[in-house]
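Quick notes on the structure that follows.
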2 protein chains.
Amino acid sequence: MPLLVMKFGGTSVANLDRIRRAAKRVGVEVAKGYDVIVIVSAMSGKTNELVGWVGETSPLYDAREYDAVVSSGENVTAGLMALTLQEMDVPARSWQGWQVPLKTNSAHSQARIEDIGTDNINAKFGEGMKVAVVAGFQGVSPEGRITTLGRGGSDTTAVAFAAAFGAERCDIYTDVDGVYTTDPRICEKARKLDKIAFEEMLELASLGAKVLQTRSVELAMRYKVKLRVLSSFEEQSDEAGTLVCDEEEIMESNVVNGVAYSRDEAKLTCLSVADRPGIAATIFGCLSDAGVNVDMIVQNISEDGRTDMTFSCPTDQVQRAEVALSAYKEKGELNYGELVADTGVAKISVVGIGMRSQSGVAAKMFKVLSDEGINIKVITTSEIKISVLVDRKYMELAVQALHDAFELDKAS
Amino acid sequence: MPLLVMKFGGTSVANLDRIRRAAKRVGVEVAKGYDVIVIVSAMSGKTNELVGWVGETSPLYDAREYDAVVSSGENVTAGLMALTLQEMDVPARSWQGWQVPLKTNSAHSQARIEDIGTDNINAKFGEGMKVAVVAGFQGVSPEGRITTLGRGGSDTTAVAFAAAFGAERCDIYTDVDGVYTTDPRICEKARKLDKIAFEEMLELASLGAKVLQTRSVELAMRYKVKLRVLSSFEEQSDEAGTLVCDEEEIMESNVVNGVAYSRDEAKLTCLSVADRPGIAATIFGCLSDAGVNVDMIVQNISEDGRTDMTFSCPTDQVQRAEVALSAYKEKGELNYGELVADTGVAKISVVGIGMRSQSGVAAKMFKVLSDEGINIKVITTSEIKISVLVDRKYMELAVQALHDAFELDKAS
């Protein structure tokens, strides 16, 4: 029997009516002859409520208890979804992580999936069950305790099930109708993509396009799981939404497929650092130990044995970075003149697998920004992405100008 | 290490403040040198919310999914309680039913406990854990599915743990400060009992005194678990509340220790039933199949081979009884003249283990009611209890008069 995985996020199961609507979508696929594994999130708001209670009870909480509490929201939705399907005469039952079992490591609150047992669920498919409703976001540790996979973990659960069960496709139902060339809220010409390559989606996901959790895209790429993002609020055809797939399946692609942005970035510069081997390791080891998520790194040309080291991080981590670096300076482990922080910047990126085979994308990007009078503060590039830091006040203008210049409103 | 079981009901863990207050009570016992197993209910209102969702989703729900959904409330409280204790530097962790494991049969939504594994929890006590917080009301079936024990099941969980772990005592924290001679809301002279025998508590519990679930008292009696009922809202001494214990531990007892009532009773009479062997089996087999909870049964003296059969049941089951009996009558399996229902009655009972050794209690009860002009409609008796049905309008008067006559306001 061909098998589909369908994942419904929190807004798609926010109340009993929406659960019914989602169940009808599942029923359509069952009627086509599919066995279905449904992955559900908690009803929207529930996880935040539980997280709030844990934080209020214990600011530095035991992550094992956090997981025990926070995972309960998905259990409720899974049971209700199974009941809704049964009411529609679709044979269904719910599964919690430990019942599957979905085995993880012991890194509570951000556990990694190690194995998914397929025997229990396949046995029930063999007995006539048509739909297994699985509580997303949770698993069980080697010690037999409940673990959770981190925020957005239900996407990862869905892709992992699709890989383990060899699903034909993994459909992610959410509150948007697909992946866009950029955020429609700041660029009205934004266009929904019919297909996007895993690598591009990965860059867009990690750049702040919140449609899919980064890890789920990584996992889909590794196991070649066809991933579709679509809206649970619209009538669906088989071609709805955006298919995230191997680049071979995309016949022709624009050079640039998306413009992403990240609003709350800060740029920090260590002035006049001694330019000797190991200095970068010292600085970024110090920041890593302090839990600062460093993104872009640029080192200026050395003069007189001194250099400037510039990096970016989220604005809310600036203070942590300052404290950590000055502690190292006081201990004499690091020698620099001054630490300058600019918390008024944003990151703009253009992404596209076509860049690999076409040059001139960077030059074009810089010219577009220059023509708009936007100064570029930092540049980094990867094989399929070019990112720049600019003053935050220019963020929307930069996105719109680049979207126009690369003609993202037109399909390839 | 001596061990205590402490159970906190829904109102005692209704919010984070109350959980903190309950945790402080636990901390007091830990400071005295006890290892503690805490059994928690869901925060008050949560279980009703979940039950409501299940009923709305699927009126004739699959009890296995009902259990998966409804058990989640206790998991939340267990985790939050463990975190609260940890914040107080008391080593604690939470346990869900399947983790203990608390094994039950497969009678979903009203499962019976079959076994409680003590190895896992004892191993953690051995490692320095001082408090095991266990989610009440739930277990796991032989098929590995989550079961629940029926409403009030957390009391039963607590007693079962006390039996399995050989606890010194099982303290049930609730929103009343003990067991009373009768309901203080309808008799202001009602007095809190310091001690009550298991048998008496069992009669009072099944008669509608909602302090303890009947099954928990049965279990405590069978395994000789000392049970204490006390308030979580008052400062507690070691003598607080009411101790439910073996009658040998009660030195001197009143002949009558409690007056109980049950408001929503109905009296039904099958008139002119053929008086032949097997007729009672037919009638009550029919009612049992229809799910009618028959309580009192009285058969009148037979005349001319015909008799009247009177029984009582909750008022909301009268219609079900009528439908079931007339169906039997139409099929010719039962022959009776008419079915007369009186839905305006209440049951009043006096309970006391002293009745075993002292006669005249029934006579006194009937005289007290007669003196107040209250007509008795049905009488049944057991070794330690006398129950009567009277018109509901006399219920409060009857309770007060009996409470006075047996001097229940005075300690023995």
Side-chain angles (χ1 to χ4, degrees), chain A residues 15-17 19-20 23 42-43 46 49-50 52-88 91-96 98-101 120 123-124 133 135 138 140-141 143-146, chain B residues 15-17 19-20 23 42-43 46 49-50 52-88 91-96 98-101 120 123-124 133 135 138 140-141 143-146:
Chain A
N15 54 47
L16 300 186
D17 267 349
I19 291 174
R20 262 190 289 275
M43 294 156 107
K46 282 290 160 189
E49 180 182 60
L50 296 168
W53 285 342
V54 169
E56 200 179 323
T57 299
S58 179
L60 298 168
Y61 52 76
D62 177 349
R64 294 166 298 193
E65 298 301 343
Y66 169 96
D67 283 354
V69 171
V70 169
S71 60
S72 67
E74 279 73 13
N75 295 346
V76 172
T77 327
L80 293 175
M81 175 65 85
L83 286 167
T84 307
L85 287 161
Q86 290 175 357
E87 278 294 301
M88 294 161 47
R93 71 157 275 194
S94 70
W95 302 80
Q96 300 185 6
W98 60 275
Q99 291 175 316
V100 172
N120 291 344
K124 289 289 169 188
V133 185
Q138 61 177 249
V140 60
S141 75
E143 295 80 27
R145 299 200 67 168
I146 293 165
Chain B
N15 53 46
L16 301 186
D17 266 349
I19 291 174
R20 262 190 290 274
M43 292 156 110
K46 283 289 159 190
E49 180 182 61
L50 295 168
W53 284 343
V54 169
E56 199 181 321
T57 299
S58 178
L60 298 168
Y61 52 75
D62 176 350
R64 295 167 297 192
E65 298 301 343
Y66 170 95
D67 283 355
V69 171
V70 170
S71 60
S72 67
E74 278 73 13
N75 295 347
V76 173
T77 328
L80 293 176
M81 176 65 86
L83 285 168
T84 307
L85 287 161
Q86 289 175 358
E87 278 295 301
M88 294 161 48
R93 71 157 274 193
S94 72
W95 301 80
Q96 300 185 6
W98 61 274
Q99 291 176 315
V100 173
N120 292 345
K124 288 288 169 188
V133 185
Q138 61 178 249
V140 61
S141 75
E143 295 79 27
R145 299 201 67 168
I146 293 165

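A note on names: the letters A, B, ... follow the listed sequences, proteins ahead of strands, and every chain is numbered from 1. Only heavy atoms go into these numbers, but all of them, side chains included; no hydrogens, no water, no symmetry mates. Treat the numbers as computed from the prediction; the structure is a model and nothing was measured.
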Validation: residues 53-60 of chain B side-chain donor-acceptor distances under 3.5 Å, sequence neighbours left out:
residue : atom : partner : partner atom : Å
T57(B)  : OG1  : W53(B)  : O            : 2.8
S58(B)  : OG   : E87(A)  : OE2          : 2.8

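Heavy atoms closer than 4.5 Å to chain B are found in the side chain of E49(A), but not in its backbone. Only the side chain of V140(A) comes within less than 4.5 Å of a heavy atom in chain B; its backbone stays farther off. Looking at R20(A), the atoms closer than 4.5 Å to chain B (heavy atoms on both sides) all sit in the side chain, from C-beta outward. Heavy atoms closer than 4.5 Å to chain B are found nowhere in I19(A), neither backbone nor side chain. Using a 4.5 Å cut-off between heavy atoms, L83(A) contacts chain B through both its backbone and its side chain. Using a 4.5 Å cut-off between heavy atoms, L50(A) contacts chain B through its side chain alone, with no backbone atom that close. Only the side chain of M43(A) comes within contact range of chain B, with at least one heavy atom under 4.5 Å from a heavy atom of that chain.
For residues 57-80 of chain A, the set of pairs meeting the salt bridge (charged side-chain N to carboxylate O under 4.0 Å, His left out) definition, not counting sequence neighbours, comprises D62(A)-R64(A), E65(A)-R145(A).
The minimum heavy-atom distance between A68(B) and S94(A), with the atom names listed, is CB-OG, 3.9 Å.
The choice from T84(A), L80(A), V133(A), N15(A) that makes the most heavy-atom pairs within less than 4.5 Å of chain B is L80(A).
Note that the CH2 atom of W98(B) and the CD atom of Q96(A) stand 8.5 Å from one another [nearest 0.5 Å].
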